[in-house]
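First up is the structure itself, then whatever we jot down about it.
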Amino acid sequence: MKITDTGNDIVIHGAENFNLEHIFECGQCFRWNKLDANTYLGVAYGKPLRVSQNGDMITFHSTSMHDYQYIWRRYFDIDRDYGAIQAQLQRQGVAYEDAVMPQAIRHGGGIRILAQEPFEALISFIISANNNIPRIKLIVERLCMHFGDTAEYEGEIYYTFPSAERLAQCSLADLEVIRAGFRAKYILDAAAKVASGEIAPEPLRDLDYTHAKAELLKIKGVGDKVANCIVLFGLGHYSAFPVDVWVRRIVEHCYFGGSAADCDIAEFARERFGEYGGFAQQYLFYYARELKIER
DNA sequence: CACCAGGCAAGCC
DNA sequence: GGCTTGCATGGT
């Protein structure tokens, strides 16, 4: 892998196990939109970015080596060996005569688990509860437009994700414009707890998975599933295995041959995938959606 | 019109 | 403790 600075763009040649479509269509993030066949545009860490892919060449447009090194390199998890993770999950698959995981990896092998901002992950996944992805994206976008800061990029105006302090000043009436429904009160509870320091998301990175999750469960609107998403996508706890309707469907269908209890699915994931639970979950989620598995 | 969406909290027993 | 129900909103 080689990284070059063209003066306007940062270009990676020889990227492996990296596919923008897989990365942005696996449900982990809500602020990236497809511009054309090989280009996405989004905002993270207060910075808009246009990123495109041609084969193993990735171009981060209109950015600097500084921002690549300090933001995008970590955000896109560039330094992790996904080939090794996939090989490990495949070996596990062989041991259990599991044909599903190899198929899932064949379909979504370019997935990267993005290192998202913890507060953004917290609010975004509160909004995700009993909701669908297109509408989650709309609500998050309205939240940013109304309460985020502006950021200019390539001659256009974009909006950053609002801070906890800004959201904590809002009333329920203020939030009506984002049409989050019953989730609005949970957004305010989360913002208040973070703004007051009662919950400090960033330090939860240093706790173990179980304790980090337990802290998040103190927030209204954060249950087991949402907490798992936050620790996985915002705090780098890669053993987390969030079980949503799609993962439930594929796990029940392919591994249990019928319905299974929440705790049995969690135990299955722990034993089968261990520290790679989060990666396994992403491959399964992407695969289940591609298969359009019915209930 | 019913049913669903990356679930959760509150109310039951 | 486990199980059921209501929930805002928009799409099919």
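In the text below, chain A, chain B and the rest are named by the order of the sequence lines, each starting its count at 1. This one's a predicted model, so the numbers in the text were calculated from it and none came from an experiment.
Residue A:C26 is in base contact, counting any heavy-atom pair closer than 4.0 Å across all strands shown. Counting non-hydrogen atoms under 4.0 angstrom, A:G27 reaches a base of the nucleic acid. Note on A:V243: nothing from the nucleic acid sits closer than 4.0 angstrom, heavy atoms only. Contact annotation for A:R248: no contact, since no heavy-atom pair falls under 4.0 Å across all strands.
Separating the CG atom of A:D244 from the C1' atom of B:dC8 is a distance of 15 Å, rounded to the nearest angstrom. Spacing between atom CG of A:N132 and atom P of C:dG11 amounts to 9 Å, rounded to whole angstrom units. The distance between atom CD1 of A:I133 and atom C1' of B:dC4, rounded to the nearest whole Å, is 14 Å. Taking atom CG of A:N131 as the reference point, atom C1' of C:dG10 lies 9 Å away to the nearest angstrom. In this structure, A:I139 places its CD1 atom 12 Å from P of B:dG6, rounding to the nearest Å. As rounded to whole Å, 15 Å separates atom P of B:dA9 from atom NZ of A:K218. Between the CD1 atom of A:I126 and the P atom of B:dC8 there is a distance of 10 Å, rounded to whole Å. The distance between atom CG of A:D262 and atom P of B:dC8, rounded to the nearest whole Å, is 10 Å.
Rounded to a whole angstrom, the distance from the P atom of B:dG6 to that of C:dG2 is 27 Å. Spacing of P atoms, B:dG11 relative to C:dA8, comes out at 14 Å, to the nearest Å.
Judged by ring centres under 5.5 Å apart and planes tilted less than 30 degrees, A:W246 fails to stack against the six-membered base ring of B:dG6.
Grouping Ile, Leu, Val, Met, Phe, Trp and Tyr by side-chain contacts under 4.5 Å, direct or through others, puts A:V11 with A:M57.
Under a hydrophobic-cluster definition in which Ile, Leu, Val, Met, Phe, Trp and Tyr are linked whenever side-chain heavy atoms come within less than 4.5 Å, directly or via other members, A:Y186 and A:L138 are assigned to different clusters.
Heavy-atom nearest nucleotides on DNA chain B were determined for A:D224 and for A:R135, and the one closer to the 5' end corresponds to A:R135. Of the two residues near DNA chain B, A:L217 and A:R289, the one whose nearest nucleotide lies more 5' is A:R289.
A:F268 and A:Y255 have tilted rings, their planes meeting at an angle from 30° to 60° on a 0 to 90° scale.
Using a 4.0 Å cut-off between a side-chain N of Lys or Arg and a carboxylate O of Asp or Glu, A:R73 and A:D79 qualify as a salt bridge. Residues A:K193 and A:D189 are paired through a salt bridge, judged by an N-O separation under 4.0 Å between the basic side chain and the carboxylate.
A side-chain donor-acceptor contact under 3.5 Å links A:Q92 and A:Q88.
Of the residues in residues 176-198 of chain A, those lying under 4.0 Å from DNA chain B by heavy-atom distance are A:F182, A:Y186. Within residues 102-119 of chain A, no residue approaches DNA chain B, by heavy-atom distance under 4.0 Å.
Relative to the ring axis of A:Y96, A:R272 places its NZ or CZ within 45° and under 6.0 Å from the centre. Cation-pi check for A:R80 over A:Y238 is met; the charged atom lies under 6.0 angstrom from the ring centroid and within 45 degrees of its normal.
Using a distance-only test at 3.5 Å, with no hydrogens or angles considered, no donor-acceptor pair links the side chain of A:Y283 to the main chain of A:Q86.
Each of B:dA9, B:dC8, B:dG6 was ranked by its minimum atom distance to the side chain of A:F233; first place goes to B:dG6.
Ring centroid separation for the pair A:Y286 and A:H22 comes in under the 6.0 Å cut-off.
The side chain of A:R249 contributes an N or O atom lying less than 4.0 Å from OP1 or OP2 of B:dA5.
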